[in-house]
Amino acid sequence: REETISRLKTEKLIRSERAFRFVLFLRAEYGNFRPGGYDLSPRFSAWSLVGVLGRGPAEVWVTIPEGKRKEEIAEIMAGALGWSPAESRAFLSAGEEGHYFPDTYLVPLREGGAATAIRMFSRFEEKFSLYYPKFLKANIKNDTALKIASLIERERGSEADMPLIAGII
């Protein structure tokens with residue numbers, strides 16, 4: 001909480017830490033702020049700022065570990081974003097297995113399944129496109145390279161196993 005107050009002061013979102021602490025004291029139910037992205041403005045009064053912070057973030061951090069299938073990713077996203085089953089289906093139907101890039105995302109809570117999938121596909125393209133020239137040079141289709149990478153990820157026991165598995169494939 002102290003770190004949050006200090007950051008709000010540094011970002012010039014509050015003028016007085018003392019006044020802000022007083023408002024927090026009066027509205028004790030808002031003492032613990034959740035991590036995420038908030039829609040804040042320097043024009044907010046201390047009362048408004050505490051109200052926005054107390055309601056929770058507009059965006060949340062979601063980490064997708066490597067090796068998860070799209071159904072597992074949908075479960076992680078649904079849990080973090082509070083999706084309905086319809087939003088999860090929209091997420092799953094938006095693309096193919098392997099194109100949901102594992103990473104940490106700051107996702108707006110109001111963003112639906114299809115839009116979140118597009119966000120992940122864009123990150124996939126950004127990262128995977130660096131390898132396209134290497135695949136072309138080795139006469140490997142992009143889809144084939146992705147399938148090989150997925151197989152290696154699924155079969156590995158540890159990072160050390162990856163070169164051995166890749167050599168066999």
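Keep in mind that this is a model prediction, so the values were computed, not measured. Quick note: numbers below take in every heavy atom, side chains included, and nothing from hydrogens, waters or symmetry partners.
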Rounded distance (nearest 0.5 Å) linking atom [atom1] of [X] with atom [atom2] of [Y]:
| X | Y | atom1 | atom2 | answer |
| --- | --- | --- | --- | --- |
| Thr116 | Tyr105 | OG1 | OH | 10.0 Å |
| Leu81 | Glu59 | CG | CD | 10.5 Å |
| Lys147 | Glu97 | NZ | CD | 12.0 Å |
| Ile64 | Tyr100 | CD1 | OH | 11.5 Å |
| Lys141 | Ile148 | NZ | CD1 | 12.0 Å |
| Ile73 | Ser88 | CD1 | OG | 12.5 Å |

Transitively linked via ILVMFWY side-chain contacts under 4.5 Å: [X] with [Y]?
| X | Y | value |
| --- | --- | --- |
| Trp47 | Phe25 | yes |
| Phe121 | Leu106 | no |
| Trp61 | Ile76 | no |
| Phe124 | Val107 | yes |
| Phe33 | Phe44 | yes |

Practice item. For the pair Glu17 and Arg21, find out whether any cationic side-chain nitrogen is under 4.0 Å from an anionic carboxylate oxygen. Key: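 Judged by the 4.0 Å cut-off on N to carboxylate O distance, Glu17 and Arg21 do form a salt bridge.
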Ignoring hydrogens, what is the shortest heavy-atom contact between [X] and [Y]? Give both atom names and the distance.
| X | Y | value |
| --- | --- | --- |
| Ala94 | Ala117 | CB-CB, 3.5 Å |
| Pro42 | Lys12 | CB-O, 3.6 Å |
| Ala80 | Val60 | O-CG2, 3.9 Å |
| Ile5 | Leu24 | CD1-CD1, 3.9 Å |
| Ala145 | Ile140 | N-CG2, 3.8 Å |

Hey, does the side chain of [X] reach the backbone of [Y] with a donor-acceptor pair shorter than 3.5 angstrom?
| X | Y | answer |
| --- | --- | --- |
| Ser6 | Glu2 | no |
| Glu87 | Gly113 | yes |
| Glu72 | Arg69 | yes |

Exercise for review: List the steps and the verdict of side-chain contact (heavy atoms from CB on, under 4.5 Å) for Val50 and Leu26.
Suggested key: CA-CA 10 Å; Val50 169; Leu26 293 176; over 6 Å; no
Exercise for review: Quickly, which of Arg123, Lys127, Arg119 forms a salt bridge (charged side-chain N to carboxylate O under 4.0 Å, His left out) with Asp103? Name it, please.
Suggested key: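 Filter result, single survivor: Arg123.
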Point to revise | Ring center gap for Phe128 and Phe101 short of 6.0 angstrom | key: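 Ring centres of Phe101 and Phe128 not closer than 6.0 Å.
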Exercise for review: Evaluate the side-chain contact (heavy atoms from CB on, under 4.5 Å) criterion for residues Lys70 and Met120: first the C-alpha distance (whole Å), next the side-chain angles of each, then the deciding distance (0.1 Å), finally the verdict.
Suggested key: CA-CA 11 Å; Lys70 69 179 186 177; Met120 294 183 79; over 6 Å; no
Review point. Is the shortest heavy-atom distance from the side chain of Leu8 to the side chain of Leu53 under 4.5 Å?
Key: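 Touching, per the 4.5 Å side-chain cut-off.
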Check your understanding: Heavy-atom count around Tyr132 OH within 6.0 Å, excluding the residue itself: above 12?
Key ->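 Buried by this count: over 12 neighbours within 6.0 Å.
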**Study point:** Verdict with reasoning, Arg55 to Val52, per side-chain contact (heavy atoms from CB on, under 4.5 Å)
**Key:** CA-CA 5 Å; Arg55 282 192 296 275; Val52 170; 3.2 Å; yes
Practice item. Show your working on side-chain contact (heavy atoms from CB on, under 4.5 Å) between Leu146 and His99 and close with a plain yes or no. Key: CA-CA 9 Å; Leu146 180 60; His99 290 85; 3.5 Å; yes
